Amino acid sequence: MTWRLGLIAGEPSGDLIAAKALAGLKLIDPQVRPEGIGGPHLAAAGLDIWHPMHALSVFGYVDAIKRFPSLVRIYSDVKNRWLREPPAVFLGVDAPDFNLRLEHRLRREGVPTIHFVGPSIWAWRYERIHYIREAVSHMLVLFPFEQAIYEKEGIPVTYVGHPMADAIPIEPNQFAARERLGLNQQARIVAILPGSRASEIKLLAPRFLQAAQLLQKTDPTLQFVVPMVNVHRAKEFEEYLKQFPVKNIRTVMAQEQAIGIADPIAWSVLEACDVALVASGTATLETALFKKPMVISYAVSPLVRKVMAWKSGQQRPYLPWVGLPNVLLNDFAVPELIQEDATPDNLAREISSLLRDEQRCERIRIRFTELHHTLRCNTPVRVAQAIESVIQQQRSST
């Protein structure tokens, strides 16, 4: 019998993994009819697109305020549609501010709700767990330690692994990556990843470039490669490069390649480099999955820092670590330089230390390899199985 799956994915990464999970679900149960919000991958997988995914994309607090009226309209539309004709189950992929609110409303009306990618309650605002308990019938989490959190709080949960761990090879091919990018096979290469948002480029690019200048004073043969997510970020970065010129530096633009999916250019850069200087965020996990020693850094403006503290009620995260690899390994496996500590001198010193200490780098690579195996779980299949399990429970209870 045909049944409807409500689905909302608000980010490109969610669009891709949800599309793979949907394909797996259709193999288990071809009667599923998905509808909601997604991007090109979900559209190709058969999702009836009510609104384009980019309509939910918000970058920072200022953008959220500007986009608030349109987000309210979209929320009201999908909520009212599903209240009139409830789906058999709803799957919200990330986008917690939007999806958890919707899940809370749908679950009150008897719709089973699944949320994929747990909010970082382990770092900020743990009290959200009480709202999640009311909103979510079943949580799907990316990281092993999250499973214990939700089990302790009495929320049904399944650990499904991280989709990037499936997509990135266990053994990176540095030679092939350098060949793809036209880089010197013998050079020592530092990848610089200053973030994908304008605010990140503004605050981190000057520090990272000044650190590169200091590194080249010590070793003029060093080469630097900087992947850029789009032309706008590239232009912004190039302006800072004019202010802080670095020799032997190359900016490369995003493009589609083949590791198994359409991959970001950053993946080739990370595969090609020896060490990396990385803005805290998803890129740190990507760097770890490519087994590259790194220095993690981040900084926000005083205004954003005040807004974050006001919204969360915290001055800093609960955990002593900011970078995902360190959080997952429960240790300062790689250095973190945050806010006032993120000076060019400090950044250059830590990168230089990694470049000099091969034994330390090898220990880091071993730990990252173990982490990769832990996170590699064939995530799309696990997500599809979890959805089917919830559907079967629903059918057996009616």
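Residue numbers start at 1 and run along the sequence shown. Because the structure is a prediction, the values reported are computed rather than measured.
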Next item on the list: Run the numbers on Asp274 and Arg356 for salt bridge (Lys or Arg N to Asp or Glu O under 4.0 Å), then give the verdict.
Entry: CA-CA 11 Å; Asp274 294 295; Arg356 291 194 311 268; over 6 Å; no
field: From CA spacing to verdict: side chain to side chain donor-acceptor pair (under 3.5 Å), Glu336, Asn326
entry: CA-CA 9 Å; Glu336 295 184 359; Asn326 289 340; 2.9 Å; yes
request  = Start with the C-alpha gap between Arg188 and Asp219, add the side-chain angles, then the distance that decides, and say whether salt bridge (Lys or Arg N to Asp or Glu O under 4.0 Å) holds.
outcome  = CA-CA 10 Å; Arg188 291 207 299 172; Asp219 184 356; 2.8 Å; yes
Quick one, Asp331 with Arg367, criterion salt bridge (Lys or Arg N to Asp or Glu O under 4.0 Å). Give me CA distance, side-chain angles, the key distance, then yes/no. CA-CA 11 Å; Asp331 186 20; Arg367 297 193 74 180; 2.8 Å; yes
Apply salt bridge (Lys or Arg N to Asp or Glu O under 4.0 Å) to Lys235 and Glu238, showing your working. CA-CA 5 Å; Lys235 287 180 179 178; Glu238 293 289 345; over 6 Å; no
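Listed for the Glu200 side chain is a donor-acceptor partner under 3.5 Å among the backbone atoms of Ser196. Side chain of Asp94 to backbone of Gly14: no donor-acceptor contact under 3.5 angstrom is found. Between the side chain of Lys79 and the backbone N or O of Leu106 there is no donor-acceptor pair closer than 3.5 Å. Using a distance-only test at 3.5 Å, with no hydrogens or angles considered, a donor-acceptor pair links the side chain of Ser297 to the main chain of Leu337. When atom types are taken as modelled, the side chain of Arg178 and the backbone of Ala272 share a donor-acceptor pair closer than 3.5 angstrom. Judged by distance alone, the side chain of Arg33 and the main-chain N or O of Asp48 form no donor-acceptor pair under 3.5 Å. A donor-acceptor pair under 3.5 Å is formed between the side chain of Thr287 and the backbone N or O of Ala283. For Thr379 (side chain) and Val160 (main-chain N/O), a donor-acceptor pair under 3.5 Å exists by modelled atom type. Not one N or O on the side chain of Ser137 forms a donor-acceptor pair closer than 3.5 Å with the backbone of Pro112.
The side-chain heavy atoms of Ile114 and Val383, taken from C-beta on, include no pair separated by under 4.5 Å. Residues Trp3 and Asp29 form a side-chain contact, since some pair of their non-hydrogen atoms from C-beta on lies under 4.5 Å apart. With a 4.5 Å cut-off on side-chain heavy atoms, Arg4 and Trp82 count as touching. A 4.5 Å side-chain heavy-atom check between Gln223 and Val190 finds every atom pair outside the cut-off. Using a 4.5 Å cut-off on side-chain heavy atoms (C-beta onward), Ile351 and Leu215 make contact. By the 4.5 Å heavy-atom criterion applied to side chains, Met164 and Trp267 are counted as neighbours. In this structure the side chain of His104 never reaches within 4.5 angstrom of the side chain of Arg107, judged on heavy atoms. The shortest side-chain heavy-atom distance between Ser76 and Arg81 does not fall under the 4.5 Å cut-off.
Asn378 contributes atom CG, which lies 9.5 Å from atom NZ of Lys20 (distance to the nearest 0.5 angstrom). Atom CD of Gln213 and atom OG1 of Thr218 lie 12.5 Å apart (nearest 0.5 Å). For the atom pair CZ of Arg376 and NE2 of His373, the computed distance is 8.0 Å after rounding to the nearest 0.5 Å. Separation of atoms CD1 (Ile387) and CG (Leu7) is listed at 7.0 Å; rounding is to 0.5 Å. Atom-to-atom distance recorded for Arg197:CZ and Leu203:CG is 12.5 Å, nearest 0.5 angstrom. Here CG of Leu222 is found 10.0 Å from CD1 of Ile189. Values are rounded to the nearest 0.5 Å.
Contact between Ala299 and Leu204 at its shortest, heavy atoms only, is N-CD2, 3.8 Å. Nearest heavy atom pair, residue Ala205 against residue Tyr240, reads CB-CD1, 4.1 Å. Residues Ala384 and Gly24 approach most closely at CB-C, 3.9 Å, considering heavy atoms. Among all heavy-atom pairs drawn from Val269 and Ala191, the shortest one is CG1-CB, 3.7 Å. The shortest heavy-atom contact between Leu270 and Ala276 is CD2-CB, 4.2 Å. In this structure, Ser268 and Ala177 approach most closely via the heavy-atom pair O-CB, 3.6 Å.
Look at Glu271 and Arg180 and you find a salt bridge, because one of the NZ, NE, NH1 or NH2 atoms lies within 4.0 Å of a carboxylate O, short of that distance. A salt bridge links Lys242 and Glu239; the closest N-O separation between the charged side-chain nitrogens and carboxylate oxygens is under 4.0 Å.
Using modelled atom types and a 3.5 Å distance limit, the side chains of Ser353 and Arg360 yield a donor-acceptor pair. Side-chain polar atoms of Asp345 and Thr343 form no donor-acceptor pair below 3.5 angstrom. Neither side chain, Asn99 nor His115, offers a donor N or O lying under 3.5 Å from an acceptor on the other. In summary, the side chains of His138 and Thr158 do present a donor paired with an acceptor at a separation below 3.5 Å, with no hydrogens or angles considered. Counting only N and O atoms by type, the side chains of Trp321 and Asn330 include no donor and acceptor under 3.5 Å apart. If you check the side chains of Thr369 and Arg365, you find no donor sitting under 3.5 Å from an acceptor. With no hydrogens or angles considered, a side-chain donor-acceptor pair links His130 and Arg133 at under 3.5 Å. Looking only at atom types and distance, the side chain of Lys291 has a donor-acceptor partner in the side chain of His372 under 3.5 Å away. Between the side chains of Glu35 and Trp50, no donor N or O sits under 3.5 Å from an acceptor N or O. Counted by atom type alone, Glu153 and Tyr126 present one or more donor-acceptor pairs between their side chains at under 3.5 Å.
Hydrophobic clustering of Ile, Leu, Val, Met, Phe, Trp and Tyr side chains at less than 4.5 Å, counting indirect connections, unites Met228 with Val231. No continuous path of hydrophobic side-chain contacts links Ile366 to Leu285 [ILVMFWY only; heavy atoms under 4.5 Å]. Tracing side-chain contacts under 4.5 Å through hydrophobic residues (I, L, V, M, F, W, Y), one reaches Phe332 starting from Ile296; they form part of the same cluster. Hydrophobic clustering (ILVMFWY, side-chain heavy atoms < 4.5 Å, transitive): Ile338 and Met294 are in one cluster. Met139 and Ile129 fall within a single hydrophobic cluster, where Ile, Leu, Val, Met, Phe, Trp and Tyr are joined by side-chain heavy atoms under 4.5 Å apart, directly or via other members.
Crowding of Arg101 atom CZ: a count of heavy atoms from other residues, nucleotides or ligands under 6.0 Å not exceeding 12. Atom CD of Gln185 has more than 12 neighbouring heavy atoms from other residues, nucleotides or ligands inside a 6.0 Å radius. Remark: Gln359 CD is loosely packed, at most 12 non-hydrogen atoms of other residues, nucleotides or ligands lying under 6.0 Å away. Counting heavy-atom neighbours within 6.0 Å of Lys202 NZ, excluding the residue itself, gives a total of 12 or less. When the shell of 6.0 Å around CD of Gln186 is examined, it contains 12 or fewer heavy atoms from other residues, nucleotides or ligands.
Among the candidates Leu347, Asn346, Val278, the single residue satisfying the side-chain contact (heavy atoms from CB on, under 4.5 Å) test with Val295 is Leu347.
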